[in-house]
Structure formats: structure tokens, C-alpha cells
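Only heavy atoms go into these numbers, but all of them, side chains included; no hydrogens, no water, no symmetry mates. Note that ligands are numbered from 1 as they come in the structure, with each ligand's atoms numbered from 1 the same way. All of these numbers come straight from a predicted model, not from anything done at the bench.
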Amino acid sequence: MNVNLRIPGPTPCPEDVLKACGRQMINHRGPEFADMIAKSTAKLQKLCSTEHDFYIMTASGTGVMEAAIVNTLSPGDKVLNVSVGVFGDRFGQIAEAYGAKITSLKVEWGKGADPQEVAAALKADPDFKAVLITHNETSTGVTNKLGDIAKAIRQVRPDILILVDAISSLGAVPLPIDEWDLDVVVTGSQKGWMVPPALGFVVFGPRAWQAYEKATMPRFYFDVGKARDYLARGQTPWTPAVSVFFGLEPALEKLEAEGMENVFARHHRVAEVARKGVKSLGLKMFSDESVASDTISAVKVPEGVDGVKLVKTMREEHGVVLAGGQTTLAGKIFRIGHLGWVNESEVQAVIDELRAALPKLGYQVPSSAAAS
Ligand SMILES: *Cc1c(COP(=O)(O)O)cnc(C)c1O
């Protein structure tokens, strides 16, 4: 049975990406690697339409979240953490681990952050150095209205740092970094980029560089200053995940050939298939409709159904690998990942298999909703 891997990362990789990852090693301080990192970095910058500096680091997404913090902040700095879910909470925890004083603006899970509430929190304390925010909250299937939020932030604090976790959104949904005046934006190779895990991307703007000069949190592995100096010579400070760099090349070529506008449109179409399909099964989305993510759909487990068993049945008997709920959402929701190398029929197949699996778990698909 062909496995339909529908989790929010690692996402399936195209054959040519996998093949490229299997190439023989090269000297990571030689001319071939220098050529590759220069080209891939420039391509990524172009695909993300940003003029900001761009660094490829060897780390999972959490590593580059840490990079965003340790390169811009100092122990004791007051930071506003806008959290709409598990990954939002994690961003705050990292900052706290390095000595930042966190104020959390916690939003009810399933909803997006309200720009005016963020602005009000900033007005309440003029000493905040930075705002931490998640663009796409993978645990709840919510995409924050980041453009509106960033605008509201800038009206109150034109110079505050805005650090963004865009790990499950950049490269899959529109995120005009420069236009929205975001200072640090991070993502990971295994999400929308169709590449295996191991590379983290850090977009680092001019305001972030000013902060870097004064930031005193301890930093070593993730020091962007070191990344900048080495990139100038076509290298990384430490041994990079060379195999994944190989895989990145064909993945970026694919995105370039498709065109980012088309990539974004495809993600929207695929997400619509998921959302309409969920409705056709008589199920409900966990996220508010107005902020439903185009890269991941969180669905409420219907009353009387064992959510953990549903995910297990889908995996064992239907060849579909879904994600369950995290922390307090375990068993209460399941999540369909639809980012990266994905098309409509793969997500329609998830809906079709759910239709077949749900009755085994004691849920009858309503007949009025039976025909999708
Ligand atoms: C996946 C993800 C992370 C964590 O990335 P890792 O690669 O697992 O460290 C953080 N934030 C968001 C929004 C994510 O989707």
C-alpha cells in the first residue's frame, strides 16, 4: 500500500530531491559547496521576495527559533509573546530559557491573534524590546493575520523587533517579509520546502542587525554574525547537512518553475479540498473559518469517537498517516498536513479514506452529507 503521508512535516519529497540527497559527499569548504550555497541562498531570497539577509543553518525549526532570539535579545529584556498554540508557547519558552522576561498574550486555541489586542498589550508597557509571533500555528491549524498584526504593532512601536516563526508557512502561503516590516523570520526545510529535515532558514533584516550588535544572550552555534562571515566565503561556520543541501537544489528549481503565486494558489486549492471534505463528512474544523490555515487542517474528533484510535486505524488500515492533537488537544483533534509537495487528489484521498474509516470507529457519516 502506498503511504499517504499527511503530517505537517516532515512532508513527502519529490523523487529527484531524494535522489540528490543520496549523492557522494563533497568538501564543505571547497568550491563546489561554495557555488551551491551561494546559488541556493540567492534563490531562497528571491522566492521569499526579500532583500533581508538570508542564512541556511543546519538545525530543525526549533534551532532557528532559538537563533531568532539569541541574536537579537539580552537577558532581562521584556518580550511580548503572542501565542495561539503549542508552537507559540515554545517560542516564549526559548526566550525565557535565555533570560528574557516574557509577557504572554495567550489566545484561545483555534482562534487567531487580534491586532488590536496585540497593540493594546504593547501600549500597556512601553519597555517591550520584541514581539514573538507565530505566522501559522501548526498545532491548531490557524494562520494569524500577520499583515494586520504587524501594521498594528508598528503603529504603536515603529522600532520594536518583530520575530516570526513562519516554519509551517514560508514558501507555501504569502508572507511578504519586507512589506510587512518583519525583522527576523524563520522556517525549516521539512515543511513547505519539500526537502528532508535538517536545514533551518533565517531571514535577518537591518533592525535585527542593529539589535545583534547590542544583544548579550549567550550564542555560539547559532551566531548569525559567524554565519554572515562564513557565507561571504561560501561556507557555513560548522559542518552543514551536505546531503540536504543537495536536495534543496532541485526543490528550489521546482518552486521557481511553478512560480510562487501558483504555489500559494495550489496550497489554497488543496486546503479547500480538505475543508470542503471535512464538511462533507459532517465533521467540524477546530480552527475559526476566518483564520483556517492553507497548510494544515485541524479537525475536531466527533463525539464518541476515540481520536487516537482513528489516527491508528487510518495508518494501519487506510494507508494515511495523519497527525493527532498535541498536549491538551491529544485525542480531541486530528490534523491533515497539506503543505509542500501536495496536490488536490492526495487530500481528496484522505477524505475518501476517512469516509471509509469513521464508521469502524462508531461514527456514521450523515447521509445528507454523504455526497461530496
Ligand atoms: C514544525 C514547527 C516547529 C518546530 O520545528 P522542528 O523542526 O520540529 O524543530 C515550530 N513552529 C512551527 C509553527 C512548526 O510548524
Open item on the list: What I want to find out is whether R275 reaches D294 closely enough, with some N-O distance under 4.0 Å, to be called a salt bridge.
Closed with: yes
Within 4.0 Å of some non-hydrogen atom of I167, the atoms of ligand 1 are 1 (C), 2 (C), 3 (C), 10 (C), 11 (N), 12 (C), 14 (C)
Q.
When you measure from the heavy atoms of E137 to every atom of ligand 1, does any distance fall below 4.0 Å?
A. no
Query raised in the report: Do any N or O atoms from the side chain of T313 and from the backbone of A357 form a donor-acceptor pair under 3.5 angstrom?
Result: no
Atom 11 (N) of ligand 1: closest protein heavy atom, distance to 0.1 Å, is D165 OD2, 2.6 Å
Tested for side chain to side chain donor-acceptor pair (under 3.5 Å) against Y212, the lone hit among D223, T72, N71 is D223
### Task
Look at K360 together with E317 and state whether they make a salt bridge at an N to O cut-off of under 4.0 Å.
yes
Students should find that the hydrophobic cluster of L18, defined by side-chain heavy atoms under 4.5 Å apart, otherwise consists of none
Heavy-atom proximity to atom 7 (O) of ligand 1 ranks first, among K191, Q190, M65, H135, for Q190
Taken in chain and number order and not counting sequence neighbours, the residues that satisfy salt bridge (Lys or Arg N to Asp or Glu O under 4.0 Å) with R266 are E258
| request: Answer yes or no: does an N/O atom from T62 fall short of 3.5 Å to an N/O atom of ligand 1? | output: yes
I would like to know whether D181 and R207 meet salt bridge (charged side-chain N to carboxylate O under 4.0 Å, His left out); could you show each step before the answer? CA-CA 10 Å; D181 198 12; R207 201 181 283 110; 3.1 Å; yes
If you scan protein heavy atoms around atom 4 (C) of ligand 1, the nearest is R90 NH1, 3.5 Å
T138 heavy atoms within 4.0 Å reach ligand 1 at atoms 12 (C), 13 (C), 14 (C), 15 (O)
Atom 5 (O) of ligand 1 sits nearest the protein heavy atom G61 CA, 3.6 Å
State whether the shortest distance between N or O atoms of F87 and N or O atoms of ligand 1 falls below 3.5 angstrom.
no
Here the gap from F286 atom CZ to S139 atom OG, rounded to the nearest 0.5 Å, amounts to 8.0 Å
For S60, the ligand 1 atoms with a heavy-atom partner under 4.0 Å come out as 6 (P), 7 (O), 9 (O)
- [ ] Could you say whether the N/O atoms of N136 and ligand 1 ever approach to under 3.5 Å?
- [x] no
Under 4.0 Å from one or more heavy atoms of S168, ligand 1 contributes atoms 13 (C), 15 (O)
